[in-house]
Colleague: 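Mind looking over this structure? Questions follow.
Just so you know, ligand 1 is whichever comes first in the structure, and atom 1 is the first atom listed for that ligand. Below, all heavy atoms of this structure are taken into account, side chains as well, without hydrogens, waters or symmetry copies. It should be emphasised that the depicted structure is a prediction, and the values quoted were computed from it without experimental measurement.
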Amino acid sequence: MNFSFDRLQLDEDLLNNLQTLGYQSMTPIQKSSLPPVLKGADVIAQAKTGSGKTAAFGLGLLQKLEVKRYRVQSLVLCPTRELADQVARELRRLARARHNVKILTLCGGMPFGPQVGSLEHGAHIVAGTPGRIEEHLRKRTLKTGEINTLVLDEADRMLDMGFQDSLDAIVSCLPRERQTLLFSATYPEQIQALAKRVTINPVMVKVESTHDAKSIRQHFYNFGQSKHRMTALRLLLLKLRPTSALVFCNTKRESDEVADELRSHGLEALALHGDLEQRERDQVLVRFANRSVSVLVATDVAARGLDIESLDAVINYHMARDPEVHVHRIGRTGRAGSKGLACTLFSEKEHYKVERLENYLDQSIEPEKLPPFSLLEKPAYKPPMATLQIDGGRKQKVRPGDLLGALTGENGIAGKQVGKINVFDQCAYVAVSRDAARHALRKLRDGKIKGRSFRARRIS
Ligand code: ADP
Ligand code: MG
């Protein structure tokens with residue numbers, strides 16, 4: 001069967017660009033939603049993280065965008081700033097063939113004034129979080145008169161996060177005559193009600209999870225009494241030695257405690273939760289994605305929208321309250337064809353949750369034995385990379401190439417020892433092989449970048 005994009009009513013330049021991006025065939029959600037999206041229908045699509053939703057709606061937005069009309073024509077609402085940033089990034093990639101398409105993100109936690117300035121400069125597509133978008137509408141800094149497409153991305157999560165009222169307020173400001181595309185991983189009643197309010201004659205699209213139980217190896221461990229939970233987690237980590245593992249907890253406080261405890265045993269672990277300031281959150285995500293932190297401990301809400309290419313393992317420190325959430329959690333491992341690994345810990349008292357999951361999955365669960373306690377005596381394993389932080393960023397005109405140059409220049413380290421480079425407004429992070437970290441730090445401190453010296457330090 002041919003699932004190539006050229007079956008679609010897409011302009012040549014968009015199609016060619018997809019080829020450049022290496023998108024050879026449509027993902028299942030793209031295959032089923034792009035035809036109605038391109039026809040202009042309202043669409044409700046049930047699809048999970050990593051399924052290629054952005055292109056599923058993004059190509060629709062871009063195909064009908066009138067670049068010459070310098071007005072906001074599409075509004076994309078996302079639950080978090082990271083997700084809005086990801087959507088904007090992916091839209092920019094998809095729009096590369098179209099000159100001068102202006103895509104703006106409007107999210108909370110960022111200063112309001114500059115956003116007003118950017119809006120005054122003009123934009124075609126706005127991606128943002130509901131709270132901040134609502135604020136722009138209230139202050140009339142975002143004009144809605146020419147918006148012809150509304151996208152609700154990860155709608156279930158937006159409702160979980162309490163954005164219901166904001167969403168309704170936003171929708172009431174938009175022209176009635178518009179196309180509305182609603183994407184959601186789950187489809188509970190609340191979402192059905194929302195869909196009813198915001199769409200007209202929608203086409204319903206549902207794509208079965210690409211991570212069916214078979215592509216993920218699931219292991220379950222009964223550790224007995226609650227007090228052994230932490231030891232059980234350490235044993236698993238020491239046995240599996242994952243470069244990137246996501247550990248799920250049920251509360252923020254527990255995430256913090258687990259990360260602290262793992263660090264005290266020499267593992268590179270960090271917690272991710274909503275109480276972090278944006279800057280701290282960015283830093284945590286950078287360090288995990290660049291493989292200098294091997295364990296990320298998070299709650300379901302905090303982990304939403306993480307776009308880590310390869311997660312070696314998902315570990316349920318506490319079982320999800322709901323089987324559907326369990327399936328969603330473990331679906332994050334083993335992306336892109338590689339087999340995923342999911343480990344779930346449960347105590348004697350939580351046995352009923354395992355039974356509930358057995359019913360939901362319609363398969364029996366056989367708990368396994370934990371790895372031997374002798375592992376606890378061995379030193380902790382280390383991730384492959386280290387992160388160096390530089391006190392200079394976009395505002396100082398520092399670009400990734402400058403950092404790479406400074407590191408690999410005369411007597412520098414080898415290019416292949418340099419990993420991901422992330423540049424933010426006021427700072428930058430470079431991942432380097434652990435064994436090259438000292439040398440790399442010296443190069444950054446002693447050398448000049450853009451003719452200036454910047455302070456730099458190793459942070460993991
Ligand atoms: P979602 O929003 O569903 O979580 P994204 O839209 O962010 O997923 O896409 C996930 C990843 O898959 C991105 O890195 C994107 O570039 C890539 N991708 C999307 N569609 C395709 C495709 N048809 N072929 C190859 N890669 C794709
Ligand atoms: Mg997405």
Side-chain angles (χ1 to χ4, degrees), residues 1-8 10 14-35 37-38 43-63 74-97 103 105 107 125 127-130 150-158 160-161 181-187 205-211 246 285 289 300-301 303-311 314 327-338 340 420:
M1 258 179 288
N2 173 20
F3 294 157
S4 104
F5 285 92
D6 48 23
R7 302 198 298 177
L8 300 169
L10 275 179
L14 289 176
L15 277 176
N16 290 341
N17 181 50
L18 287 171
Q19 277 218 317
T20 329
L21 293 178
Y23 289 18
Q24 288 170 349
S25 57
M26 291 188 260
T27 66
I29 189 67
Q30 292 163 356
K31 185 163 72 74
S32 43
S33 57
L34 272 168
V37 165
L38 289 168
V43 175
I44 297 173
Q46 197 178 333
K48 56 189 304 245
T49 306
S51 55
K53 277 173 286 170
T54 319
F57 61 77
L59 291 170
L61 306 186
L62 293 168
Q63 175 66 32
S74 308
L75 176 61
V76 184
L77 299 174
C78 306
T80 63
R81 184 172 79 121
E82 279 94 46
L83 282 168
D85 283 340
Q86 271 173 37
V87 163
R89 217 179 308 135
E90 177 76 358
L91 288 176
R92 286 191 188 108
R93 273 156 45 90
L94 294 168
R96 266 202 314 227
I103 298 162
T105 52
C107 297
I125 300 175
T129 47
L150 168 67
V151 179
L152 302 172
D153 193 14
E154 313 225 357
D156 49 350
R157 205 46 52 172
M158 290 200 277
D160 286 350
M161 293 171 73
L181 310 173
L182 184 152
F183 291 82
S184 188
T186 57
Y187 200 58
V205 169
K206 181 175 176 179
V207 172
E208 295 306 328
S209 160
T210 46
H211 301 288
L246 183 56
L285 292 174
D300 291 295
V301 170
R304 189 68 187 196
L306 271 181
D307 187 20
I308 308 293
E309 281 147 36
S310 58
L311 271 183
V314 164
V327 172
H328 200 89
R329 284 183 178 178
I330 67 169
R332 302 165 146 279
T333 170
R335 288 189 179 180
S338 66
K420 284 199 176 166

Colleague: Hey, does M26 have a side-chain heavy atom less than 4.5 Å from the side chain of R7?
Modeller: yes

Colleague: Among all residues two or more places apart in sequence or in another chain, which pass the side-chain hydrogen bond (donor to acceptor under 3.5 Å, both in side chains) test with R96?
Modeller: none

Colleague: Mind checking side chain to side chain contact (heavy atoms under 4.5 Å, CB included) for A84 and listing every partner two or more places apart, or none if nothing turns up?
Modeller: C78, C107

Colleague: Counting only nitrogen or oxygen atoms and a 3.5 angstrom limit, does D153 reach ligand 1?
Modeller: no

Colleague: So, 4.0 Å and heavy atoms of Q86: is ligand 1 close enough to count as a contact?
Modeller: no

Colleague: Determine whether a donor-acceptor pair (N or O, by modelled atom type, separation under 3.5 Å) exists between the side chain of R157 and the backbone of V301.
Modeller: no

Colleague: Report yes or no: does F183 have a heavy atom closer than 4.0 Å to ligand 1?
Modeller: no

Colleague: Looking only at distances, please establish whether an N/O atom of ligand 1 is found under 3.5 Å from an N/O atom of E90.
Modeller: yes

Colleague: Could you check whether any heavy atom of R93 sits closer than 4.0 Å to an atom of ligand 1, since that is the contact criterion I want to use?
Modeller: yes

Colleague: Relative to atom 6 (O) of ligand 1, which among T54, L18, I29 owns the nearest non-hydrogen atom?
Modeller: T54

Colleague: Heavy atom under 4.0 Å from ligand 1: found in S25's side chain, backbone, both, or neither?
Modeller: backbone

Colleague: Taking the side chain as every heavy atom from C-beta outward, state whether L61 and V151 have any pair of such atoms under 4.5 Å apart.
Modeller: yes

Colleague: Just which atoms of ligand 1 are under 4.0 Å from any heavy atom in S51?
Modeller: 1 (P), 3 (O), 8 (O)

Colleague: How about T27 and K31: do any of their side-chain heavy atoms sit closer than 4.5 Å?
Modeller: no

Colleague: Do you know which two heavy atoms are closest between I125 and L91, and how far apart they sit?
Modeller: CG2-CD1, 4.0 Å

Colleague: Would you check the N or O atoms of Q24, main chain and side chain alike, for any that come under 3.5 Å of an N or O of ligand 1?
Modeller: no

Colleague: Give me the atom names and distance for the closest heavy-atom approach of S33 to V43.
Modeller: CB-CG1, 4.3 Å

Colleague: Looking at F5, which atoms of ligand 1 are within less than 4.0 Å of one of its heavy atoms?
Modeller: 23 (N)

Colleague: Does G52 reach ligand 1 with a nitrogen or oxygen that is under 3.5 Å from one of the ligand's nitrogen or oxygen atoms?
Modeller: yes

